[in-house]
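Below is one structure; the comments refer to it alone.
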Amino acid sequence: MGGPVPSAECPAIEMAGICKSFGHVRANHNVGFSVRSGEIHALLGENGSGKSTLMNILSGIYLPDAGSVAVRGRHVAFRSPRDAIAIGIGMVHQHFKLVESMTAMENIVAGTGRGLRLDRQQARERIRAFSRRFEMGLDPDKRVHDMSVGEKQTVEILKVLYRGADILVLDEPTAVLTPQEIGRLFGILRLMRQEGHSVIFISHKLNEVMSLCDRVTVLRRGETVGTVAVADCTTSRLVEMMVGRVVDLSIDRPRVQSSGLCLSVRNLSVRDEEGIRKLDDVSFDLHHGEILGVAGLAGSGQKELCETIAGLQAAEGGRIAFHGNDILGRSPRDIIRLGISMSFIPEDRLGMGLVAGMDIADNVMLKDYAFRPGLFLDRTAARKKAREIVSRLSIDTPGIFHPVRKLSGGNIQKVILGREIDLNPKLLITAYAVRGLDIHSSYTIYRLLNDQKVKGVAVLYIGEDLDVLLELCDRILVLFNGRVTGIVDARSSTKERIGLMMTGETPRAEGWQVPLPVPPLPASNACPVADRLLSPDSDRTMPAGPDGKGGGPC
Amino acid sequence: MLRIARKEDMTGLRAVGVRIAAVLLALLASGLLILAMGYDPREVVRVMWSGMRTLKALASMIRIAIPLAMAALAVSIAFTMKFWNIGAEGQILMGAFAATAISSVLPEGTPGALRILLMALAGLAGGALWALPPALFRAAFRTNETLLTLMFNYIAIRWVEYLRCQLWKDPAAMGFPQIAPIPESAHLPQLLGVHIGWILVLVLAFLQWVFLRRTKKGFEVRVVGESEKTARYAGMTVGRVLLFGVLLSGALAGLTGMVKLNGTAFVLAERLAGGDGFTAIIIAWLSNLSAPVILVVAFLFAAMKQGAGWMEGLAGIPSALADTVQGLILFFALGSEFFIRYRIILESRHRTERKEAHP
């Protein structure tokens, strides 16, 4: 009985022989997972490899069908998340669960007290102590809605520490952070390691795993592939373990002769329903055969930009010209008909773009059913197309009549992108196309986007991962609070510089551009040299002078 | 300890099994109730069965089922859009009202077929117009259609009552507050012992299925029901789709009123709808908004309604008890939906302990 551990020291967590099935799907099969005290342990695996299931078992959300869980050498059987937190396991979810109008302290303390009264002073002191200990720099009395994404995450981490957790599970914690914030987070995690806490770090970003973690456990198709020390491992070896074969990790960036101006946005301003300004004087050009990336913190106006171009959102001012024709104020259907295709993957993946309850075939005709003649749906064509998309993008589904809701995230995204590409767009707008996707699916999607670019399609790629933006795109536009802080050449820019621009810092190096209130619209397909010049009457405090930098697709 | 979890994969066949089990359990419970009230359930079953197996009884059940099925088809179009049209009762009445109005202005010599056709068109229009205001308010101001459609029922009922007692009071009824019956030439012809409404229902069920599953407009209706955001994204004008669907729903309900009027009632009165518009909501839900299933469920409801009548008339069971039995069946049927969508997990202490002891 007890912890069957031969070594002198009991591991913080020892999971052995974990099995969990959902219907016919074996999510975990005989999984072993062991984490020491005072280590940062990465859990890697592609979508559907069983990571979430394993972590849900560890945090008491699921009961395993078989297998044992031991914490510090003692066997436990969790019946609810409460049991897990009581024994010191805390989960920090990817999506924050905070009350925006409350202060950090109120969020942290909520649900912990026993009596009705809350000793604010004592709580504040405890939070301050944690904050000092891990160099978090958190003000307990700051309201959540005044916080940056990084600060909100700190609150989430403090929430579980406050409840006494010394084993932390972080689910893709860096997905929404700037490079600077990621650095800070890693600092906090390293301090925790020093104090003997265990951190389980789930991420798709291998370079982060390599720089932060001590050991890595890789899961594939619900089974453990192995646990290795980061020190004796390479990125490509990890990918091989995850995918099961050697994968080339470089992203292609073909140079394409631009065949002209596609989209011209000038001084675009947008307010949302509550009258809050979401886009502020945004101007840029997008050419055929080019991928223009959009970087920015979550909620910097990306969604409004996509929706305004697609005709789903009214603009307050400015112009959007597609091939020289004004499209602002046109109906979404007209815009689809022009060859502008927009896909936005929201956080829940299904909110817009797909009809969850319908099958793949029905979803494939969603955008173009109306353009076919007659009263009836052309279901034969839709079925044929659905089969093509399924086979071309190797979508994992029992059939084209399978409801989209039941597909996994990656497959859902492939259905959307497959449909959009199938429309033969001239302008492809894609937001968060690889959100939450594993390496394999992500690279499929990069390849598809590059194919489109080579075909001469203008691609607007809104992304989260700066490494990918820098490797995939030709130019990158950075948004901060609905304003364009600059447009840089992706071939010559760095992550740090973009990270600074994402937080509103004015870039001072070369290779960036400020959009001008350019006179009307360039009539021809000329390279937008004007775009690369500084506006002398720009209201921003910026050093004057042209950047003179070439590059870009022209 | 009990825990409730969502069921992910309930196959169609198993779901049907659960529903059948629910009906059987309901019958069992009803039997116990009847027994407890001092009647012999076997005798009740015998009487009911003898009443049900005759052709005449079958015809009567079908007559009851026709408006139920039509109204259920009507509301299920609106429900597909997540537009909660609970105003079928009023739309039925207004359809019948419009049909009566048209009939009253037609010259006496109008051929029956023409009169019926015109009355049917009037019924469609009457129901559609009665559904229009709630739809417009919802599309324009996002008001709650549930309240509005519900309230419109009462307006329709009172309007017909006013017609009956004042405006359209039939002088030939010798002071009795009644609207003049429609001429005999407008009665729906019989086919196999039932008025031809039954053929109409079958055709409508097929058309409704074709509309929702095969036409572009029907596709829009389904998409709007799933997500208005996605519908907008796909280029649909949500307000227009909503309006179209609701008008269609109202029109079908109005036609139901006309069929009731010309098929069985022959006289417009506020009791004409008789709760069918509300029963239709339950039928539509139990059928999962599927047209073929609606036909079956509507028939079962008609059987239940008729059975209750028989229990009262032949077995001497008070009507209150018959109503209770009906309620029991409904209760079980609706309750079974819970078991189709969720399952209850029993976590015994015993099991956890065994697990702990067995690492």
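Note that the structure is a prediction, hence the values are computed from the model and not measured. Computation of the quantities below employed the complete heavy-atom set of this structure, encompassing side-chain atoms and omitting hydrogens, waters and symmetry-equivalent molecules.
The line from OG of A:S331 to CE of B:M236 is 13.0 Å long, rounded to the nearest 0.5 Å.
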Show me, pair by pair, the donor-acceptor contacts under 3.5 angstrom made by side chains of residues 424-432 of chain A, not counting sequence neighbours?
from	atom 1	to	atom 2	distance (Å)
A:N424	OD1	A:K455	NZ	3.4

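Contacts of A:S341 with chain B are absent, with no heavy-atom separation under 4.5 Å from either backbone or side chain. In this structure, the portions of A:D362 lying under 4.5 Å from any heavy atom of chain B include both its backbone and its side chain. At a 4.5 Å heavy-atom cutoff, A:R330 makes no contact with chain B through either its backbone or its side chain.
With sequence neighbours excluded, the residues forming a salt bridge (Lys or Arg N to Asp or Glu O under 4.0 Å) with A:E420 are A:K367, listed by chain and number.
Annotation: residues 369-384 of chain A contacts chain B through A:Y369, A:A370, A:R372, A:P373, A:G374, A:L375, A:F376, A:L377, A:R379 [non-hydrogen atoms, separation under 4.5 Å]. Residues from residues 214-225 of chain B that place a non-hydrogen atom less than 4.5 Å from a non-hydrogen atom of chain A comprise B:R214, B:T215, B:K216, B:F219, B:E220, B:R222, B:V223, given in numerical order.
Between B:G235 and A:P332, the closest heavy-atom pair is CA-CB, 4.0 Å.
Heavy atoms from other residues, nucleotides or ligands lying under 6.0 Å from CZ of B:F137 number 12 at most. Enclosure of atom NZ in A:K385 by more than 12 non-hydrogen atoms of other residues, nucleotides or ligands within 6.0 angstrom is indicated.
Panel note: side chain B:Y233, backbone A:E307; no donor-acceptor pair is recorded below 3.5 Å.
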